[in-house]
There are 2 protein chains.
Amino acid sequence: MLLCIFTANACMDLPFDPDQCQPGLSVDCVIFGFHENDLKVLLLKLLQGNEWALPGGFVFLDENLDRAAIRVLHERTGLEKIFLQQFHAFGQVERSPVTHAARLVQEHSLHPGLQSWFEQRFITIGYYALVEYSQVEKPQPDYFSETCAWFPVRGLPHLMLDHQAIIERALQTVRFQLKYQPIGLNLLPEKFTMPELQALYETLLDQKLDRRNFQRKMLSYDVLIRTGEFRQGGAHKAPVLYAFDPVNYEQALRNGFRSVW
Amino acid sequence: MLLCIFTANACMDLPFDPDQCQPGLSVDCVIFGFHENDLKVLLLKLLQGNEWALPGGFVFLDENLDRAAIRVLHERTGLEKIFLQQFHAFGQVERSPVTHAARLVQEHSLHPGLQSWFEQRFITIGYYALVEYSQVEKPQPDYFSETCAWFPVRGLPHLMLDHQAIIERALQTVRFQLKYQPIGLNLLPEKFTMPELQALYETLLDQKLDRRNFQRKMLSYDVLIRTGEFRQGGAHKAPVLYAFDPVNYEQALRNGFRSVW
DNA sequence: GCAAAAGTGTTAACTGTACACCCATGT
DNA sequence: ACATGGGTGTACAGTTAACACTTTTGC
C-alpha cells in the first residue's frame with residue numbers, strides 16, 4: 001500500500017511524499033492576529049468545498065515536531081522567528097472519520113492518489129501562534145486550498161473536522177496564559193503604545209479594563225521599555241511608545257508573573 | 001513490512017499486535033506518588049538491561065489518546081479514575097535513534113519480531129498522574145520489563161532515551177500548576193491533615209512555607225472540607241482531618257485560583 | 001513540666017481598586 | 001473653548017507576610 005502511494009507520487013506530482021512523512025500525525029496551527037481591536041484567526045478554504053480549515057501539515061520523518069509547525073507557519077505567512085507554542089495533542093478516534101477522505105475525493109478537493117493517506121486515523125498536535133497582523137502581507141493557500149484569509153474569532157465559518165474545537169482550546173490556553181505570563185510580543189508591532197497593549201488584553205479577555213490600573217500593573221511586571229518616542233499623528237495627545245525587554249520577557253514567560261508561594 | 005510483523009505476531013505470541021496500533025506514536029506516563037515527605041516517580045526496569053523507563057505504551061487504532069494513557073496507568077498501578085493530564089508531545093527526531101531497537105534486541109530485552117516496529121521514529125505524548133502512593137499495592141511490570149518500582153525524583157536511575165527530560169518537564173508543569181490551580185486530590189489519602197498537605201507543597205516547590213499562612217491561604221481557596229475528625233495516635237496534638245470538596249476543587253482546576261484581571 | 005506539633009490571632013506592609021486631576025491635540 | 005484621549009497621583013480596601021500566643025500530647 002505504501003509502495004503504491006510512492007509510485008503514484010512519482011508519476012502524478014503530488015505535493016508531498018507520504019512515504020517521507022510520519023504516518024497518522026499532523027500539526028495544526030491556530031494563528032492569531034490582532035487588527036482593529038479584533039482577534040483574528042488565519043484559515044484556509046479547501047479546494048472546491050465550502051469548508052475552511054486550520055493551516056496544518058504533516059511531519060517529515062527527519063523533521064522535529066516543532067520544526068514542522070514552524071514550517072507550516074512560514075509557508076502560510078512568510079513569517080519566521082515568531083512565538084509558536086504547542087498546546088495540546090488531539091487524539092480522539094472520532095476526529096478522523098474514514099468517510100472524510102472519500103468525500104473530499106468525490107468533491108474533487110483531494111487527489112485520489114492521496115485518499116488512502118487521508119483515510120488513516122490522525123492525531124494532530126495543536127500549536128498556537130501570535131503574529132503581528134500587519135506583517136503578514138499575503139497569506140498563501142497551500143496545495144489543498146484555494147484561499148487563505150483572516151476571520152474574527154467571533155465570526156468563524158464552518159470548519160472542517162474538529163478544527164472549531166481546536167481553536168476553542170487554543171483560545172482557552174491563551175486566556176489562561178494571559179493571567180500568569182506576558183503576552184503581546186510578536187502580536188504587536190515592535191513599538192506600541194500602552195492603550196494598544198490594553199486593547200489586546202481587552203480583546204483576548206473580552207472585558208474592559210481600567211486604563212490607569214492597567215498601565216501600572218503592566219509596568220510593574222518589568223517587561224516593558226519606554227522608548228522615549230511618541231506615536232504622532234493621532235487626534236489627541238501623543239502616547240508614549242513602549243517596546244518589550246526581550247530578556248525580562250523571556251524570563252517572565254518561563255517563571256510566570258507571580259510567585260504565589 | 002507490516003504484513004511481516006503481523007505474521008510474526010500470529011506465530012510468536014507477541015504482547016501486542018503492531019498492526020492494530022497507531023504507528024510511530026506512544027504515550028508515556030510520569031506517575032508521581034508522595035510518600036514520607038518525598039516525591040516519587042514510578043519506573044520500569046527493562047528486561048536484561050540496566051536502564052529504567054517510564055511506564056508507557058502504544059495507542060490502538062480504535063482507542064482515544066487519553067484512553068491509552070489511562071490504560072497504561074491502570075495496567076501498572078491498578079488504579080482507575082485518577083487525575084491524568086496530558087502535558088506535552090515530544091517529537092524531536094533524535095529522541096528515537098534507530099540503533100536503539102537493535103541494541104535492545106542484542107541485549108535480549110526485545111523480541112526480534114518487534115525490532116522493525118521499534119525502529120520507527122516515535123512521537124510520544126507525555127501524561128502526568130498524581131496518585132496516592134499507598135493505594136498502589138503492587139506496581140506491575142509490563143511485557144518489556146522485569147521490575148516496577150518507585151524512585152525519589154531527586155535520585156533517579158539511568159533512564160532510557162529522553163525519559164529524564166520528560167520527567168523534568170512534567171515536574172516543571174506540576175510546579176507551575178501548583179501556583180494557580182489546586183493540587184493534591186489523588187495524591188493524598190481521602191482524608192489528610194493540613195501539615196500533610198503543606199508537606200506536599202513544600203516537596204513539590206522544594207521550599208519551606210509558613211505553617212500559619214499556608215493554612216489560611218489554603219482555606220481561602222474554598223476547596224477543603226473540615227471533616228470534624230482528627231488524626232489520632234501521633235506524638236503531639238491531634239491535627240484536624242480535611243477532605244477535598246469535589247465540586248469546588250473541579251471548578252478551581254478549570255478557572256484557576258485567582259482572576260488577575 | 002517540658003518539648004514539639006498544631007490551632008488561632010494580631011499587626012504592619014504591600015497590592016489592588018476606584019477614582020480625581022492635569023496635559024496635549026484637533027476641531 | 002471644548003471634547004477626547006493620554007499621563008500621573010491618591011486614598012481606601014483587601015490581601016499577604018511576619019510573628020505571638022495558646023492548646024494538646026507523649027515522655
Side-chain angles (χ1 to χ4, degrees), chain A residues 34 36-37 178-182 184 188-189 191-203 205 207-243 252 255-261, chain B residues 36-37 178-182 184 188-189 191-203 205-243 252 255-261:
Chain A
F34 184 62
E36 286 172 352
N37 283 5
L178 202 61
K179 290 188 184 180
Y180 309 116
Q181 290 172 289
L188 291 171
K191 295 172 183 177
F192 51 89
T193 68
M194 197 56 86
E196 282 161 10
L197 183 61
Q198 183 177 340
L200 168 62
Y201 271 73
E202 290 182 339
T203 303
L205 290 169
Q207 180 188 350
K208 277 273 155 206
L209 300 173
D210 184 283
R211 181 174 68 83
R212 298 151 288 193
N213 294 332
F214 177 82
Q215 165 140 345
R216 189 164 8 173
K217 188 177 241 173
M218 213 57 224
L219 289 176
S220 78
Y221 291 152
D222 209 30
V223 296
L224 296 181
I225 296 170
R226 203 181 162 125
T227 63
E229 299 166 62
F230 299 85
R231 163 100 60 238
Q232 303 291 350
H236 305 287
K237 181 171 179 176
V240 175
L241 283 169
Y242 291 91
N255 303 339
F257 279 143
R258 29 184 66 246
S259 50
V260 182
W261 296 97
Chain B
E36 285 171 355
N37 284 5
L178 202 63
K179 292 188 183 181
Y180 309 117
Q181 292 172 287
L188 291 172
K191 294 172 184 179
F192 52 89
T193 67
M194 196 57 85
E196 282 161 9
L197 183 60
Q198 184 176 341
L200 168 62
Y201 270 73
E202 290 181 342
T203 303
L205 290 169
D206 199 20
Q207 180 188 349
K208 278 273 156 207
L209 300 173
D210 184 283
R211 184 172 68 82
R212 298 151 288 193
N213 294 332
F214 177 83
Q215 165 142 346
R216 194 182 353 220
K217 189 177 242 174
M218 212 59 224
L219 289 175
S220 78
Y221 291 151
D222 209 30
V223 295
L224 296 181
I225 295 169
R226 203 181 162 123
T227 64
E229 299 166 62
F230 298 86
R231 163 96 64 237
Q232 304 290 352
H236 305 285
K237 180 171 181 177
V240 175
L241 284 169
Y242 291 91
N255 304 338
F257 279 145
R258 32 182 64 245
S259 50
V260 181
W261 296 99

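Per chain, numbering begins at 1; letters A, B, ... match sequence-line order.
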Original post:
dT22(D) base to Arg212(B) side chain: any donor-acceptor pair below 3.5 Å?
Top reply: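 Between dT22(D) and Arg212(B), which were checked side chain against base, a qualifying N/O pair under 3.5 Å is absent.
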Original post:
Between the base of dT25(C) and the side chain of Arg231(A), is there any donor-acceptor pair under 3.5 Å?
Top reply: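 No, no donor-acceptor pair under 3.5 Å.
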**OP:** For Thr193(A) and Val240(A), indicate whether the former's side chain and the latter's backbone hold a donor-acceptor pair under 3.5 Å.
**Re:** no
Round to the nearest Å and state the distance from [X] atom [atom1] to [N] atom [atom2].
| X | N | atom1 | atom2 | value |
| --- | --- | --- | --- | --- |
| Lys208(A) | dA18(C) | NZ | C1' | 17 Å |
| Gln198(A) | dG7(D) | CD | P | 10 Å |
| Leu241(B) | dA6(C) | CG | P | 12 Å |
| Asp222(B) | dT15(D) | CG | P | 13 Å |
| Arg211(A) | dC21(C) | CZ | P | 14 Å |
| Leu224(A) | dG7(D) | CG | P | 12 Å |
| Phe257(A) | dT15(C) | CZ | P | 15 Å |
| Leu219(A) | dG9(D) | CG | P | 12 Å |

Looking at [options], which one has an atom nearest to any side-chain atom of [X]?
| X | options | answer |
| --- | --- | --- |
| Pro239(A) | dA6(C), dG6(D), dA18(D) | dG6(D) |
| Val240(B) | dT17(C), dG7(D), dG7(C) | dG7(C) |
| Met194(B) | dC19(D), dT8(D), dG7(C) | dG7(C) |
| His236(B) | dT8(C), dT16(D), dT25(D) | dT25(D) |

Original post:
Counting just side-chain N and O atoms, does Gln215(B) come under 4.0 Å of either OP1 or OP2 of dA6(C)?
Top reply: no
**OP:** Name the residue closer to the 5' end of DNA chain C, choosing between Lys237(A) and Asp210(A) according to the nucleotide with the nearest heavy atom.
**Re:**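 Going by which nucleotide is closer to the 5' end, it is Asp210(A).
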**OP:** Determine the minimum heavy-atom distance between Tyr242(A) and Thr227(A), stating which atoms define it.
**Re:**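 Minimum heavy-atom separation between Tyr242(A) and Thr227(A): C-CG2, 3.9 Å.
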Original post:
Which pair of non-hydrogen atoms, one from Gln232(B) and one from Ala238(B), has the smallest distance, and what is that distance?
Top reply: OE1-CB, 3.9 Å
Original post:
Quick one: on DNA chain D, does Arg216(A) or Ala235(A) contact a more 5' nucleotide (nearest heavy atom)?
Top reply: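 Its nearest nucleotide being more 5', the pick is Ala235(A).
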Original post:
At what distance, to the nearest 0.5 angstrom, does CD of Glu202(B) lie from CZ of Arg211(B)?
Top reply: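 Separation between the atoms: 11.5 Å.
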Subject >> Derivation of the ring pair (Phe, Tyr, Trp, His ring centres under 6.0 Å) call for Phe257(A) and Tyr180(A) >> reply: CA-CA 5 Å; Phe257(A) 279 143; Tyr180(A) 309 116; 8.9 Å; no
